[in-house]
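Notes for the one structure printed next.
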Amino acid sequence: MTVIEFLAAGGAENLWSARTQMALSLGWHIVFACFGIAFPAIVVFTEWLGHRRGDAVLTGLAHTWAKAMGVLFAAGAVSGTLLSFEMGILWPGLMDRFGEVFGFPFVLEGFAFFVEAIFVGVYLFGWDRLSPRAHMLSALPMVGAGIAGAFFVVSANAWMNNPTGFRLDARGEVVDARPWAAMFGPSTWPQFTHMWLAAFMVTGFLVASVYAVGMLRGRRDGHHRAGLLIPLTVAAIATPVQIGVGDWIANTVADNQPAKLAAMEGQYETTAGAGLSIGGIYQDNKLRYALEIPYGLSLLIHHDPDGVVPGLEEVPADERPPVNVVHLAYNVMVAIGLALLALAAWFGLVWWRRRRLPRTAWFLRAAAVAGVAAVVAMEAGWITTEVGRQPWIVHGLMRTEDAVSPAAGLSWGLVAVIAVYTVLTVFTVVVLRGLARGRDTLAPQEQEAAR
Amino acid sequence: MTLAEAVLGAAFTGLVAYALFGGADFGGGVWDLLAGGTERGRRTRERVERSIGPVWEANHVWLIFVLVVLWTGFSGVFAAAVTTLYLPLTLAAFGIIARGAAFAYRKSVDTLGMRRFFGAAFAVSSLLTPFFFGAVVGGVAAGRVPPGIAAGNVIGSWVNPTSFLGGTLAVLVCAYLAAVFLCGDARRDGEDDLAEVFRRRALVTAVVTGAVGLAGIAVLRTDAPLLFDGLTGRGLPVVALSVVAGLTALWLLMTRRYIAARLASALAVTAILVGWPVSQYPYLLPPARTVDEAAAGRPTLLALLIALCAGAAILVPALVYLYVLFQRTPSERQEGGHPPG
Ligand code: HDD
Ligand code: HEM
Ligand code: HEM
């Protein structure tokens, strides 16, 4: 098929491009969403600390971060808008059949975004209009809304993994939808908690990495030290908890989506006392070249070395997810999670003993890459979740290929999204770098002098 | 009123709010576009930026609100409409991306070239986005969206006279609203000469909008007879109300009563929007799907209604707070560039 034919095609040919488009736009949005969830809390904490200690460095830091928050929030809002369109444009079959069941959390999420957008306006533009106390208070609704928004949207995703809260009649049509119940399926709490912590890790490590780079370049003033310390502390606290939650979420997957778990582990045969496989390539129903930790998987899932872990052989061949992607993504997430744990432990120990940062430049180098690593871990986690759910868009009930729009020319959307997001990414990076260099760009409220 | 109508009514209220508030923000971008060269347009641009800076993100969420209520409460119709109309919707979404990003980013760059580039992206997308939304409304109202996923013509549903009319009117209305809102803002901040400029612009746009609206009647008559019958039949009182409110707004503008002019203008725009559902009632997708046929099951609608009421209780005070805060002149301004405290 030529490129032109591909782009003009309708019907089932749309599946690949629609999935890629969805993955791209979600993968982009989620990075900024993390800042929407975690950054307000970090910024207002810094502002509060600055006021309490009368420390102008901290207040200044909060001020710089608030400017970045304005940029990041705008990027999150516009990319989220595209997503709202795409849910319908790309997956009308999903919305048509199940919209009344799982659309509801998105409505609640809408209110959360409203509150967040209102108070972002108040917080950013209110520096000179509000007393410091009122100003800091105005950040609290933003913090709460970020949490609520994440909960609602993740519960929609958790529903796709473990649909509950409705019945199907003989023809397979939804009857008796109970949207409240649908929000609280078995995956909701583990997924939300895991995502919420991931947001703090991503935001914390990324912000810290900016200042670690600055310090490596020799800028070791108080501004840089505080800019490294505060977000790094937040992330370092979140990391060990996140690993624990990772165990919880893996168990939830094992209980509800055995095919996904088997794909994560690259395991074909149902095995008692299954080993934990790291790396390797899955070919002809076998994982080759993998490192195996005996009994590891059974221990992790059942906390019992002889526990039985079902393999891919249990599900029909056309209901198995693509194993290599899922296995690799899962390994990447876990590996990065453990590496970040090591970094957090190093930092924590030295701080506990000596009340200072580790002195070696290797620490700063590690902190400098930790930000990107956390983002990769999070993206890998989502790939595990979403690709591991294939071929279902709603686990066990609706196949992705039955949900995709048959509209002609849909693939152009992918081309356009790639183009638009490339440009957007470049400019976002340029603008944020400008802010990070601390060249004194003007705060949102200072438009007077802004030109 | 049935439960379904109540939920749809809430979504429609969101749409009106988006048209009024979000619309004015887009209109601000249109005036930015028409403001002239860097030096000549500087004050207009600053005025626009000051007025919409703190509020545009909140105003934008009305759109999300409309989308999510529709997709939960009227999933089938939502799926039908967005798949048939996916081209203008995707383009509108890109417009929103360009506008929002450019607006937020241009404050944080310091070279003139970059500023100009972001400014241009902001302004042009402010023009295109309302056009595409207007075209979408035109497509639905003219009955060009059949029920069924991607069942309509993906081009003809929005490239047609009614959609074109809808798009043009949307741009004009946005520009008009922005001019009226900016008159008041400019006067409040002591920029009386700018207020005069916006007043003149508001008057001119009002006349143009009226003329296009009248000419549009002829278009609708041949291109969308059902809508035409509705607007000239059952919808006539609201259309008349819109005309009266519009004329009142003109008179208030002439006599420089800007706050009252805002209200009258908002009423005129609301009335003309209300004309649309009134004239196609009881259809959601004319002439095939009525509101009740399209609605989700009772528990979902009920949950929606409860959530909408609870949400409104949080939202309305917060929005009022936002608008009041930024309609006040700040008591003291900080020196530029220094962190507060
Ligand atoms: C900084 C990010 C980060 C880190 C360090 C980890 N994860 Fe994770 N993981 C995510 C970020 C993430 C996520 C936010 O991307 C996902 C996608 C969906 C979700 O709810 O969380 C996820 C999903 C996800 C899933 C799939 C859930 C599903 O399909 O429902 C499992 C089984 C794990 N994680 C397990 C782990 C384990 C055992 C980790 C320990 C090392 C771990 N994660 C570290
Ligand atoms: C509430 C949140 C989310 C919802 C409702 C959601 C929904 C969807 C839908 C409808 C699809 C297309 C159908 C499918 O391929 O199964 C999809 C695919 C995908 N999404 Fe998500 N998603 C969410 C979060 C995310 C995030 C944050 C990422 C980040 C990377 C992500 C990554 C992907 C990927 C990689 C695919 C493609 C799967 C494939 O093609 O095999 N998702 N998601
Ligand atoms: C299909 C899935 C998704 C859709 C349709 C969606 C939609 C949106 C929309 C419309 C906005 C903009 C709100 C505004 O205008 O202020 C937004 C922002 C946001 N989204 Fe998403 N989103 C999705 C996935 C996610 C996921 C997986 C998360 C995180 C767990 C998330 C968290 C957030 C947060 C915290 C914000 C507000 C902060 C910001 O704008 O940066 N979203 N989203």
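Below, chain A is the first sequence line, B the second, and so on; all start at residue 1.
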Would you list the atom pairs, donor with acceptor, under 3.5 Å between side chains in residues 86-94 of chain B and any protein atom, with sequence neighbours excluded?
{"from": "B/Tyr86", "atom 1": "OH", "to": "A/Ala408", "atom 2": "O", "distance (Å)": "2.6"}
{"from": "B/Tyr86", "atom 1": "OH", "to": "A/Gly409", "atom 2": "O", "distance (Å)": "3.1"}
{"from": "B/Tyr86", "atom 1": "OH", "to": "A/Leu410", "atom 2": "N", "distance (Å)": "3.3"}
{"from": "B/Thr90", "atom 1": "OG1", "to": "B/Tyr86", "atom 2": "O", "distance (Å)": "2.6"}

(request) Identify which part of B/Tyr321 has an atom lying under 4.5 Å from any heavy atom of chain A, answering side chain, backbone, both or neither. (result) side chain
(message) Heavy-atom cut-off 4.5 Å, strictly under: side chain, backbone, both or neither for B/Leu302 against chain A?
(response) neither
(message) Return the CZ to CG distance between A/Phe111 and B/Leu308, rounded to the nearest 0.5 Å.
(response) 5.0 Å
(message) At a 4.5 Å cut-off on heavy atoms, which part of A/Val420 comes close to chain B: side chain, backbone, both, or neither?
(response) side chain
(request) Determine the minimum heavy-atom distance between A/Pro179 and B/Ala303, stating which atoms define it. (result) CG-CB, 3.8 Å
(request) Starting at CG of A/Asp96, measure out to CZ of B/Phe74 and round the result to the nearest 0.5 Å. (result) 14.0 Å
(message) Taking side chain as everything from C-beta outward and backbone as N, CA, C, O, which of these in A/Leu108 sits under 4.5 Å from a heavy atom of chain B? Side chain, backbone, both or neither.
(response) side chain
(request) Please report the shortest heavy-atom distance between B/Leu67 and A/Ser84, naming the atom on each side. (result) CD1-CB, 3.8 Å
(message) Can you tell me how far apart OG1 (B/Thr83) and CG (A/Leu90) are? Round to the nearest 0.5 Å.
(response) 11.0 Å
(request) Measure the shortest side-chain to side-chain distance between A/Thr81 and B/Ile64 over non-hydrogen atoms and say whether it is less than 4.5 angstrom. (result) yes
(request) First locate atom NE2 of B/His60, then atom CZ of A/Phe114, and finally report the distance between them rounded to the nearest 0.5 Å. (result) 10.0 Å
(request) May I ask you to test the A/Thr428-B/Tyr105 pair for a side-chain heavy-atom distance under 4.5 Å? (result) yes
(message) If I compare all heavy atoms of A/Gly103 with all of B/Trp71, which pair ends up nearest, and what's the gap?
(response) CA-NE1, 3.5 Å
(request) Answer yes or no: is there a side-chain heavy-atom contact under 4.5 Å between B/Val61 and A/Ile118? (result) no
(message) Tell me which of these, A/Gly93, A/Gly88, A/Ala112, A/Ala182, has more heavy-atom pairs under 4.5 Å with chain B than the rest.
(response) A/Gly88
(request) Heavy-atom distances under 4.5 Å only: say whether B/Ile97 touches chain A with side chain, backbone, both or neither. (result) both
(request) To the nearest 0.5 Å, tell me how far B/Ile96 CD1 sits from A/Phe85 CZ. (result) 5.0 Å
(message) Less than 4.5 Å to any heavy atom of chain B: does that hold for the side chain of A/Ala62, its backbone, both, or neither?
(response) neither
(message) Minimum heavy-atom separation for A/Ala74 and B/Gly100, please, with both atom names.
(response) CB-O, 4.3 Å
(request) With a 4.5 angstrom heavy-atom cut-off, could you sort out which part of B/Leu304 is near chain A: side chain, backbone, both or neither? (result) both
(request) Name the region of A/Val175, side chain, backbone, both or neither, that has any atom closer than 4.5 Å to a heavy atom of chain B. (result) neither
(message) Treating B/Thr300 as the side-chain partner and A/Glu100 as the backbone partner, does any N or O pair qualify as donor plus acceptor under 3.5 Å?
(response) yes
(message) I'd like to check B/Phe118 versus A/Val431 (side-chain heavy atoms, cut-off strictly below 4.5 Å). Are they in contact?
(response) yes
Show me the donor-acceptor pairs, under 3.5 Å and distance only, between side chains in residues 149-158 of chain B and residues at least two apart or in other chains.
{"from": "B/Asn153", "atom 1": "OD1", "to": "B/Ile155", "atom 2": "N", "distance (Å)": "2.8"}
{"from": "B/Asn153", "atom 1": "OD1", "to": "B/Gly156", "atom 2": "N", "distance (Å)": "2.9"}
{"from": "B/Ser157", "atom 1": "OG", "to": "B/Asn153", "atom 2": "O", "distance (Å)": "2.7"}
{"from": "B/Trp158", "atom 1": "NE1", "to": "B/Val154", "atom 2": "O", "distance (Å)": "2.9"}

(request) Answer whether the closest heavy-atom distance between the side chains of A/Leu130 and B/Leu325 falls below 4.5 Å. (result) yes
(request) Look up atom CZ in A/Phe106 and atom OG1 in B/Thr72, then write down how far apart they are to the nearest 0.5 Å. (result) 8.5 Å
(message) Using heavy-atom distances under 4.5 Å, tell me whether A/Tyr123 contacts chain B through its side chain, its backbone, both, or neither.
(response) neither
(message) Do A/Met95 and B/Val82 have side chains that approach each other closer than 4.5 Å (heavy atoms only, starting at C-beta)?
(response) no
(request) Name the orientation class of the two ring planes belonging to A/Phe427 and B/Phe117 (parallel below 30°, tilted from 30 to 60°, perpendicular beyond 60°). (result) tilted
(message) Given heavy-atom pairs under 4.5 angstrom as the criterion, report whether the side chain, backbone, both or neither of B/Trp56 touches chain A.
(response) side chain
